[in-house]
Every structure is written in C-alpha cells, then in structure tokens.
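The block underneath contains the structure these notes are about, expressed in structure tokens.
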Amino acid sequence: MQHFRDEDLKIKRYGQVFSGKLVGNLLVAMLPGDFDGKTIIDPMVGQGDLLKAACTKYSNADLVLGIDIDKDVIDKCKDNIPEAKIVRDNAFISTEINIVDGWDLVITNPPYIRYQTLRRNPEIGLPDGRELRKSLIKHIQQSTILNGREKKLYLEIANGYSGLSDMAVPSWILCASIVKSGGYMAMVVPETWLNRDYALPIHYLLLRCFEVIAIARDVESAWFENAEVRTCLVICRRKESETIKKSFSDTVVLEIGHKVKSEDSLIGNLKFNNSFNYEALRQILMERITHSEEGFSAKLTPLADLFPGLVGRLSDQKWVFREDKTDVRKSDYIPNEIREILGNINDVDYDSLESLGWSIGQGLRTGANEFFYVKIISEDETPVVNTEPWYGREIPVSADNLRKALKKRSDIDGLVVNYNDLERCILYIQHQVRQVDFQRVSYKVKGMYTLMETELDDYISCGEKYVSPSHKKAFKELSAVITNEKKMDDGYERFWYMLPKLKKRHVPNLCMPRVCGDSPEALFVNQVEEKNIIVDANFITLWNPDTRSQVIAFTLLNSTWAKLFLEVIGTVMGGGALKVEASHIRKVVFPHLNTEKQRELEKIGKMILKGGRVDNNIQEQIDRIVTSPYGEAKSNFLNIQLRKLLIKKLHERTGQKHDE
C-alpha cells in the first residue's frame, strides 16, 4: 500500500474522516446508562477515536479489539489505546471478529468510498466491490450468531445491494451481523444515509432486526471541518426475539448545533433539570422526552418515518420479506416534519412528477469542461469563440459544431433560460474530423465525415497533448472522455473529441441546480426548434413534451411545498449548501389539483415566464393553490407553518437569518 504525500487525496480515496475525541465521547454518551460493555470492537478503527471513548467509559471490558487495513494509522491507534488489541487486517475476512455469541458493542465510523474509486485506484490497497461482496457473503454463511431467518435476510441483502453503493453499505451489514443479541451498534454516518437509495437495504435491516434507540444530527456542520456532508450518530440495539419483527418503537432524534458546543464537548452547554453536558443528555434519553433550547432539540420520531423513501420501495426489492410487500400510498413519501404540520394526510390524494408524465435525470457531463466549453463572442456567419485559459485564443468555429449550454446557475438572471441570453457553448462535433484522423476513419462510416476548419483542428491537437494541472492527465485520457472513442475492425467510428449523441435529459424543459445555497428553485428552459439549449450535469433535468404540463410543473416546483420537501430530504453539505439529486425529486409528491386549480397554476406560471421571477405576491398565490386540497380554511394556516419550517431549515443549514 502506497504512502500518500497528499493527505487530502488519501482521505478521499480511503473515505477517511477521523471521528475525533469530541464525536467519540458524544456517541458513547448516547448509549443507555445501564449498558456495560464487556466485549467491544471497532472493525474499521482508524486512529481509534471511537474505540478510545468506549474504552474510557467501559474500563472493565474483558476484550477490546480494533481492526484496520491501513498500515499508516495502526501505529497511531496503538499509541492512542494501549489497553486494546489493535491488528492490521481486512475486517471482512478477519477471523478476529468472530467470537462466541457476538459483541456487546460494535462501534465504528465506516469508510465512505465508492467502488468506482477502488477500481480506478487499486494502489490504495482496499478490496474492490466484488471482493467485498464475496467476503461478506462467506462471512454471513459461516455465522454462528445469526439464526436461520436472520441469515436468510442478511444473505438476500448482501447479494442484492447496489453495486453503486458506498463501501459503507457492506460495512454496515458486516457490523450488524456480529452484534450480540441484545447488544448495541454505535455508528458515525453521513446524513445522506437517511435518504440515499443505495442505503435502502440498511434501512430495512434496521427496521427488521434492530431498534434504533437514538440519532444525533449535526444540524450546523459543527463537528467536522473537512467532511463534505453533515454527520449523524446512530445507536441501535439488536432485538432479542427469536423471530424477526418490525420495530414500532419511536426513536429519539437529537438536533445539535454549535450553540451548545463547548471547548471539550459537543454538548458542553446543554442544560436539563439543573444538569449539564452528558448528564443532561443521559436524562433526556432515559426519559425519552421532547426538549428544546437554543442549539439543541430532542423529539420522538416513529422509526419508519425516518426512512420515508423505503416505504414506497418495499414491493420491488428481492431482499424484502413477502409479508412486507404491501401496497403503499403516495402520501407515505411525505417526510415526518411535513406530516406533523399537515395532520391527517390521508384525506388528500397525491401526485408525483413521474405520475404526471415527467421524466427526471441529469444534464450532460462532458468529462472535460476545460476542453468542451467555450464562450461565444460573435454570432456572425461563422461564430467566434473564446477558449479556456489553457489555450487562451479566439477561434472561429462553424455553427454546426456549437451548441448553446447552461453550465452554471449564474449563467442566467431569473428563472427562465433563453437561448439569446446564453454565452457559453459546448463543442458538439459530430460530422467533422481532424485531417490527421480522416485517414483513420473506418471505411464503413467515412462518408459521414468532412474535414474541420484549421483553427478547430489546431485546438483539438493542442488539447490532445495538454496535461491539465487539476487532472494530471491529458483531456483524451480522462475516464469520461476516453469512452467517446469508438473503434471498428478497419478503423475509428468516433474520436475522443466527439461527445455522445444528445439525449432528452440533455435538452430538458425544466432544470434544478444540484447544489443550492438558498432554497431549491426550478428553471424553465425555453427550448425552441433549431435552437436547443443543452443543460450541464450541474443540474437535475426534467422533460415532458406537453407544453401546458411544462408550465404547471415549473410553477409547482417553485412552491414553498416543493422547496421545503427538498430541503427536508436533500443532502446538506459541509459548507451549508443543499445537494439535490434526481432521486430526491422523484420522491416529491404534491396534493392532487383538480382541473380548475391546474388552470390557475398555469396562469401564474405564464406570469413568471413573462417576468422571470417569483415575488412574495406570486409566491403566496402559488402556495394557496398547492395547499387548496386541504380546504380553504386550513390552507392559510398550512402555508404559514410550511414557510416557518422552511425558514427554520434554511437557518440551520446556512447559519443565516431569513426573513419571514
């Protein structure tokens, strides 16, 4: 395993964000007061912050074990916890993790690293996705801790989880499989675990085999400086019943901000019943009460409500037991925080965007924006474009090889994307080749190509040799670019500088930025025949051929309802930005509107298209229509409460006050 000089690169590749003393102490403090761990393990121990906290609290433990595959952290861990047994090994194949009856406490911060990274970077010394799955399945098959029904469930999940999952998913399964009956699992996880589709098997496993005792959320990114997403701490207890049953118990959800943080504790300023810090927390968890103060809140939440995305997906997953594959309503997707405002949600029907005829995806990823993006400075008969600084020249490019594109939210002012307002273009070369490539073209497709202009030929030739400082590779060698090249038996069919043919998701009718500083917002992409606008992968894209539906959905997605929905289920990044994926937008449901209300929404949408913005008056009109199915008397109250919650969530995320 190579030693990396660039520590940030290593952290990214290993998925390492070390927990730190304060996080470790808080996680251990969340364990029940009557728990006394005699056998404790951290299978991905890192430098030992979590295991150290557990050792300190449970100093009479009989066996404390830490395992890690990274040789560079093992020595640090041994120094940090001299009383523990620390070994360098792969936890998925280690015999050390198997003890009679299982572990009283499994505590860890699993690595969050994609399998694609493992495949591209074998030098980091971690097993790839196939090896992990194979080792995990073998471990489950040989388990003496799991009963027959549990083993069947674990094997179904181990065989069925997505190959696009983080390494954390098999890590969760491994950890869960070694917990003693009645024992505890204490995990540090990113907030994404609550809403990512690839975590659904973990959600189901928890619902079936564990009780989730408590969850703590870092609502203001106060715990880690170098993490890209916010963090959750999770305490689970393995059920003791011989048969696997669903858990109907509530979970204590803690929301912790920087106001209760002190120098030596993440909750040092927390106060409850004349107690402070960890003692105050112990009482809140023991009494399972609702409590709030500045920078802290505790509330009871039904466990199933923590995973609203799971409810609607039970019927189409192989790893779900037959008795759980029940029909669900679209209202089951509504997050708990919104449910609490709405009250009885089942009196109203709901529509998802997909049920209204919309397709949802992601915009065009070029793989090398520095090469493919140019800025148009003249749109005469032969347009002239300005290239990126690595080439730094103005060159003429035929209109056939250019397509106007929306790359960033800042490219336009307002909510409407018009062709004439865009300055950026993508080099979309489909029917021309360089002179040096013309002789390399397959005879079967040679008639499709002509020679390109000299200036563009030179640009591509320079780009072929130029090594980007940010990528350390030439453009043509980048992973998402090299696949552009297609070779046949007698020559080339396509070359690296030819982007794939555009799909509907690349030229959508609506789009939404994937990363939002303020509330999520929908943009209307004014597509005109012969003047199509490409939308970049920085955006989630939506398309539907019906022009009336385009205006209605545009208006719906700019409602407070939609903004709040995405605010609740989206992923909060470390810097306070909100990341929205296509999977999030697919989960949004709206109260069903009758034909009359749809016409009203369409009328308002046309007003927005004309003015380009949503002012307070228009926002109120939209919101009244969206909540009208709940009744006119209740609509005004709901909108006030929905806006208040949206403002609260924005303040938590950004740390800035927002006007009510």
Side-chain angles (χ1 to χ4, degrees), residues 19 23-32 35-58 61-69 77 81 84-87 89-112 132 135-136 139-140 142-147 150-151 153-154 157-158 166-189 193 199 201-203 205-206 208-216 232-240:
S19 305
V23 171
N25 288 343
L26 176 58
L27 181 63
V28 171
M30 291 169 60
L31 287 161
F35 172 69
D36 185 19
K38 295 299 183 182
T39 56
I40 305 171
I41 185 175
D42 186 337
M44 297 92 184
V45 70
Q47 63 187 20
D49 298 318
L50 302 182
L51 198 59
K52 176 67 174 179
C55 276
T56 301
K57 184 170 183 179
Y58 307 111
D62 299 324
L63 175 60
V64 179
L65 175 65
I67 302 175
D68 206 279
I69 199 170
C77 188
I81 326 171
K85 180 181 180 181
I86 307 297
V87 296
D89 203 351
N90 174 357
F92 287 84
I93 59 176
S94 174
T95 57
E96 299 273 1
I97 69 170
N98 298 314
I99 64 172
V100 177
D101 296 330
W103 297 82
D104 292 329
L105 175 61
V106 179
I107 184 169
T108 199
N109 180 355
Y112 286 82
L132 279 176
S135 299
L136 179 61
H139 161 77
I140 295 168
Q142 297 175 344
S143 173
T144 59
I145 300 171
L146 303 174
N147 64 38
E150 287 173 326
K151 189 175 288 190
L153 173 62
Y154 275 77
I157 289 176
D166 283 331
M167 186 176 165
V169 170
S171 299
W172 266 89
I173 300 169
L174 178 72
C175 289
S177 73
I178 61 174
V179 179
K180 184 178 185 177
S181 177
Y184 287 85
M185 183 164 58
M187 309 287 277
V188 179
V189 299
W193 84 294
I202 305 303
H203 301 166
L205 183 64
L206 292 178
R208 269 292 181 177
C209 303
F210 285 80
E211 294 176 72
V212 181
I213 305 298
I215 293 175
C232 286
L233 307 183
V234 186
I235 303 293
C236 309
R237 181 178 181 272
R238 185 182 163 200
K239 297 174 188 174
E240 298 175 78

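All values below come from the heavy atoms of this structure, side chains included, with hydrogens, waters and symmetry mates left out. Throughout, numbering of the chain's residues begins at 1 and tracks the sequence.
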Can you list the residues that meet the side-chain contact (heavy atoms from CB on, under 4.5 Å) rule with [X], with sequence neighbours excluded?
| X | result |
| --- | --- |
| Ala186 | Leu27, Leu105, Ile107, Ile235 |
| Lys38 | Asp36, Asn60, Asp62, Asp104 |
| Ala176 | Tyr154, Met185, Leu205, Phe210 |

Nearest non-hydrogen partners of [X] and [Y], listed with the distance:
| X | Y | result |
| --- | --- | --- |
| Gly37 | Ala61 | O-CB, 3.6 Å |
| Arg238 | Ser181 | NH1-N, 3.4 Å |
| Lys85 | Val87 | CE-CG1, 4.0 Å |
| Cys55 | Ile81 | SG-CG2, 3.8 Å |

By side chain to side chain donor-acceptor pair (under 3.5 Å), Ser177 pairs with (sequence neighbours left out) His139
List for me each residue that meets side chain to side chain donor-acceptor pair (under 3.5 Å) alongside Ser143, sequence neighbours excluded, and say none if there are none.
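Residues passing side chain to side chain donor-acceptor pair (under 3.5 Å) with Ser143: none at all.
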If we only count heavy atoms from C-beta on, is the [X] to [Y] side-chain gap below 4.5 Å?
| X | Y | value |
| --- | --- | --- |
| Thr108 | Val188 | no |
| Ile86 | Leu51 | yes |
| Ile99 | Leu63 | yes |
| Leu233 | Leu26 | yes |
| Ile145 | Asp101 | no |
| Ile97 | Leu174 | yes |
| Ile178 | Ile41 | yes |
| Tyr184 | Leu31 | yes |

Results of salt bridge (Lys or Arg N to Asp or Glu O under 4.0 Å) for Arg237 - residues two or more places apart only:
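Partners of Arg237 by the salt bridge (Lys or Arg N to Asp or Glu O under 4.0 Å) criterion, ordered by chain and then number, come out as Glu211, Glu240.
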Is a side-chain donor or acceptor of [X] paired with a backbone partner of [Y] at a separation under 3.5 angstrom?
| X | Y | result |
| --- | --- | --- |
| Asp42 | Gly66 | no |
| Lys239 | Arg208 | yes |
| Asn90 | Phe92 | yes |

For the [atom1] atom of [X] and the [atom2] atom of [Y], what is their distance to the nearest 0.5 Å?
| X | Y | atom1 | atom2 | value |
| --- | --- | --- | --- | --- |
| Trp103 | Ile40 | CH2 | CD1 | 9.0 Å |
| Ile215 | Met187 | CD1 | CE | 12.5 Å |
| Leu153 | Cys209 | CG | SG | 5.0 Å |
| Ile202 | Cys175 | CD1 | SG | 9.5 Å |
| Thr56 | Asn25 | OG1 | CG | 7.0 Å |

Run the side chain to side chain contact (heavy atoms under 4.5 Å, CB included) test on Val23 and Asp49 for me, step by step, so that the C-alpha distance in whole Å, both residues' side-chain angles and the decisive distance to 0.1 Å come before the verdict.
CA-CA 8 Å; Val23 171; Asp49 298 318; over 6 Å; no
Would you tell me whether Asn98 and Glu96 have side-chain atoms, one donor and one acceptor, within less than 3.5 Å of each other?
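Their side chains do not contain a donor-acceptor pair, so the 3.5 Å distance test is not met.
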